[in-house]
Visitor: 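Just dropping this structure here.
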Amino acid sequence: MRNKYYPSFSQHNSYIKSQTLRVGKTTNQLKQTHIHSLKTLTKPQYHNFLTQFLTHLLELPGDNLSYAHHVFDQIPNCKNQFVWTALIRANVMHSHFSQSIDLYAKMQRTGVSPSGFTFSSVLNACARLPAISQGNQIHKRLVQSGFLGNKIVQTALLDMYAKFGCVLDARYLFDMMGEKQKDVVAWTAMICGYTKLGMMDDAQRLFETMRERNVVSWSAMVAGYAHCGKMKEARDLFDEMLEKNPVTWVAMISGYGKCGDVNEARRVFDQIEMRDASCWAAIVACYAQNAYAREAIEMYKAMREEKVMINEVAMVGAVSACTQLGDIEMATTLHRHVEEGCWDKTVFVSNALINMHAKCGCMELAWREFDRMKERDVISYSTMITALGEHGESQKALDLFIKMLKEGIKPNQVTFIGVLNACSSGGLVEEGCQHFELMTQNFDIQPLTEHLTCMVDLLGRAGQLEKTYDFMMKHVGALDAGIWGALLGACKVHSNTELGEIAAKRLFKIEPDNTGNYVLLANTYASMGKWDDAERIRKIMNERGMRKSVGCSWIPSLRQT
């Protein structure tokens with residue numbers, strides 16, 4: 001008979017497990033406890049133990065979500081509100097936003113009532129995706145459950161609508177909140193909503209009204225002005241800030257970069273005492289975006305020397321700069337760095353690599369990068385189609401376009417520039433006309449001057465000059481010097497002085513000082529033996545003091561430094 005003063009074997013085991021949970025510092029230690037409890041506890045005791053075990057597991061540092069979900073699935077028909085909320089919140093903290101929303105839906109179906117913390121966590125997940133439809137549904141559930149008056153929930157709901165860009169809904173919630181409920185988080189969320197849409201006047205009025213400001217609200221204002229290109233306003237606030245963080249430094253560098261003020265961007269960068277990876281990446285991107293390719297590469301090299309982590313922005317900036325230079329040796333180096341990198345290669349990096357390899361003439365490497373991509377977007381296909389067209393692989397470009405459509409990826413204006421250019425370089429007149437009609441009729445894309453230039457070049461090369469002119473007259477409002485120049489060039493090749501004169505007169509009005517247009521018209525006359533007309537054009541050039549430009553050749557990758 002068991003002594004009433006001593007615990008039973010099961011009670012003893014439960015005590016041991018609770019003590020082990022308290023001292024478990026790592027996932028491996030908890031796994032050992034898990035295995036031991038599975039062997040020694042009865043089913044009811046084991047299920048109770050898992051609830052406590054899961055809570056402790058989620059408190060450990062690191063991403064233990066896969067294991068946590070495995071443990072959670074072993075708890076039959078879990079009704080513990082705290083466990084559901086802890087798991088939802090953990091998913092949000094590790095940026096698994098879709099999973100947290102799915103968990104919330106499952107929680108509802110199980111019949112477990114959410115708490116205020118549950119609502120705030122899942123609203124945060126909706127805001128970050130964004131998941132507008134789910135967010136609206138949760139808002140309705142909030143009204144029914146009576147949690148709408150909860151300060152934390154109200155702020156999360158306000159933040160969600162602000163991140164959605166629904167500033168009217170966000171402002172309605174903000175105005176409905178009592179003054180005591182409006183903390184600095186709520187004020188900042190509303191300001192961020194305005195700055196995201198570039199509504200800086202509204203943001204500024206709210207910012208001036210704030211009783212308490214933090215570094216986030218200051219950063220939101222600086223970044224908002226910088227993003228809108230209002231660098232004077234951004235600089236004024238930036239100089240007032242007592243505490244500057246990486247967000248503000250990056251915003252200033254990027255803002256000056258967008259405005260083309262590279263020197264000022266560099267001055268901001270040089271002021272930073274503790275530069276993190278985002279600051280370095282911003283200056284690399286700034287140089288690359290403004291065609292300071294060599295400076296971008298040098299800054300990238302400095303990052304590696306300083307052992308700064310190379311993030312996606314920095315890598316894309318360096319690859320873009322290398323593409324501008326056409327530097328094959330550097331392209332090989334960057335490709336090796338990406339392959340050696342410890343971070344996941346994103347679609348943006350792969351797209352940049354495809355473009356770099358193609359511009360450097362390494363189509364085999366461009367294809368290899370394209371084939372290795374797990375996911376491809378419209379930029380991936382557009383870049384590859386354009387590259388194939390530029391390298392004379394017209395049919396392959398069109399075949400890839402068909403594959404793109406079969407995969408359900410909608411082409412954009414850039415895609416069709418690549419497609420039409422491929423048709424032009426390959427002399428595929430019928431296919432070019434079909435794809436132009438597909439673009440305008442099926443996809444309702446208005447043609448840009450680049451599309452029109454491709455079509456004029458395509459029809460002109462084929463000698464269909466009358467059809468070319470008729471096509472141009474249908475889009476007369478969008479014709480520029482490049483398009484008229486393409487027609488004039490085709491007239492020279494096919495010895496059509498009548499249309500050549502029409503094109504030349506248009507060009508003389510658009511570009512009166514462009515010597516090339518006069519030379520091209522003179523050569524057109526000469527090609528048909530009309531020497532008097534050719535001499536007349538050259539005489540006009542002499543009277544106006546115009547001289548033919550001296551030809552030159554420059555291969556960037558061989559340029560002496």
Side-chain angles (χ1 to χ4, degrees), residues 65 69 72 78-203 205-206 216-217 220 223-224 227 377 408 410:
L65 277 179
H69 277 281
F72 181 76
C78 180
K79 296 292 185 181
N80 190 307
Q81 182 194 78
F82 181 80
V83 170
W84 280 96
T85 301
L87 193 57
I88 290 171
R89 187 178 183 185
N91 274 278
V92 175
M93 290 175 64
H94 289 91
S95 301
H96 299 301
F97 305 123
S98 295
Q99 292 90 323
S100 63
I101 295 172
D102 291 341
L103 267 173
Y104 166 79
K106 187 178 178 181
M107 179 183 183
Q108 294 282 82
R109 291 194 299 270
T110 308
V112 181
S113 299
S115 66
F117 288 110
T118 315
F119 280 122
S120 63
S121 297
V122 74
L123 287 170
N124 188 11
C126 291
R128 301 285 290 278
L129 274 175
I132 299 176
S133 176
Q134 293 90 328
N136 289 331
Q137 291 174 10
I138 294 169
H139 186 179
K140 292 177 183 177
R141 181 75 176 88
L142 270 172
V143 175
Q144 296 170 354
S145 62
F147 276 99
L148 200 55
N150 183 294
K151 174 184 173 181
I152 296 174
V153 173
Q154 278 184 323
T155 304
L157 189 62
L158 161 64
D159 181 63
M160 182 189 74
Y161 280 120
K163 283 186 169 65
F164 286 170
C166 303
V167 290
L168 293 179
D169 294 315
R171 187 58 193 253
Y172 174 77
L173 289 166
F174 181 79
D175 291 338
M176 289 293 291
M177 295 174 69
E179 289 303 315
K180 292 183 178 180
Q181 291 177 303
K182 293 179 185 175
D183 58 11
V184 67
V185 178
W187 281 87
T188 303
M190 193 64 243
I191 286 173
C192 288
Y194 282 132
T195 59
K196 181 180 179 179
L197 296 180
M199 301 171 66
M200 295 309 300
D201 291 340
D202 296 274
R205 281 193 290 270
L206 210 58
V216 179
S217 51
H227 184 72
D377 60 10
K410 185 179 179 181

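Index from 1, following the sequence.
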Visitor: Would you mind checking if Lys163 and Asp159 are paired as a salt bridge, meaning a charged N to carboxylate O distance below 4.0 Å?
Guide: yes
Visitor: Taking the side chain as C-beta and beyond, is there a heavy-atom pair between Ile101 and Ile138 under 4.5 Å?
Guide: no
Visitor: Going from CD on Gln181 to CE on Met176, what distance comes out if it is rounded to the nearest 0.5 angstrom?
Guide: 10.0 Å
Visitor: Could you grab the distance from atom NZ of Lys151 to atom CE of Met177, nearest 0.5 Å is fine?
Guide: 7.5 Å
Visitor: Any chance you could measure Ile88, atom CD1, to Met107, atom CE, to the nearest 0.5 Å?
Guide: 5.5 Å
Visitor: What I'd like to find out is whether the side chain of Leu87 reaches to under 4.5 Å of the side chain of Leu65, using heavy atoms alone.
Guide: yes
Visitor: Counting heavy atoms not belonging to Lys79, are there more than 12 under 6.0 Å from its NZ?
Guide: yes
Visitor: Measuring from His227:NE2 to Met200:CE, what's the distance to the nearest 0.5 Å?
Guide: 10.5 Å
Visitor: Return a table of donor-acceptor pairs under 3.5 angstrom between the side chains of residues 111-121 and protein atoms on other chains or two or more places apart.
Guide:
residue	atom	partner	partner atom	Å
Ser115	OG	Phe117	N	3.4
Ser115	OG	Thr118	N	3.3
Ser115	OG	Thr118	OG1	3.0
Thr118	OG1	Thr85	OG1	2.5
Thr118	OG1	Ser115	N	3.0
Ser120	OG	Gly116	O	3.4
Ser120	OG	Phe117	O	2.9
Ser121	OG	Phe117	O	2.9

Visitor: Stepwise, does the side chain to side chain contact (heavy atoms under 4.5 Å, CB included) test hold for Leu142 with Leu123?
Guide: CA-CA 11 Å; Leu142 270 172; Leu123 287 170; 3.9 Å; yes
Visitor: So, for Val122 and Ser100, which heavy atoms are closest and what is the spacing to 0.1 Å?
Guide: CG2-O, 4.3 Å
Visitor: If I compare all heavy atoms of Phe164 with all of Ala127, which pair ends up nearest, and what's the gap?
Guide: CE2-CA, 4.0 Å
Visitor: Go through Leu206 and Phe174 one step at a time and tell me if the side chain to side chain contact (heavy atoms under 4.5 Å, CB included) criterion holds.
Guide: CA-CA 11 Å; Leu206 210 58; Phe174 181 79; 4.1 Å; yes
Visitor: Take Trp84 and Tyr104 through the test ring pair (Phe, Tyr, Trp, His ring centres under 6.0 Å) and record every step on the way to the result.
Guide: CA-CA 8 Å; Trp84 280 96; Tyr104 166 79; 9.8 Å; no
Visitor: Run through His96, Gln108, Arg89, His69 and flag the one making a side-chain contact (heavy atoms from CB on, under 4.5 Å) with Leu103.
Guide: His69
Visitor: Test your reading of the model: is there a side-chain donor-acceptor pair from Asp183 to the backbone of Ala186, 3.5 Å cut-off?
Guide: yes
Visitor: Please examine the side chains of Asn91 and Asp102, heavy atoms only from C-beta on, and report whether any two atoms are closer than 4.5 Å.
Guide: no
Visitor: Any pair with a residue in residues 131-146 that passes side-chain hydrogen bond (donor to acceptor under 3.5 Å, both in side chains), sequence neighbours left out, goes on the list, sorted by first then second residue, please.
Guide: Asn136-Tyr161, His139-Tyr161
Visitor: Between Asp201 and Arg205 (salt bridge meaning N to carboxylate O under 4.0 Å), is one present in this structure?
Guide: no
Visitor: What is the minimum heavy-atom distance between Cys78 and Thr110, and which atoms define it?
Guide: O-CG2, 3.9 Å
Visitor: I want to check something: taking the side chain as every heavy atom from C-beta on, are Leu157 and Met160 in contact at a cut-off of under 4.5 Å?
Guide: yes
Visitor: Do you know which two heavy atoms are closest between Gly224 and Thr195, and how far apart they sit?
Guide: CA-CB, 4.0 Å
Visitor: For a quick test of reading the model, state the closest non-hydrogen atom pair linking Cys192 to Ala220 and the distance between them.
Guide: SG-CB, 3.7 Å
Visitor: Can you give me the closest heavy-atom contact between Gly165 and Leu197, atom names plus distance?
Guide: O-CD1, 3.4 Å
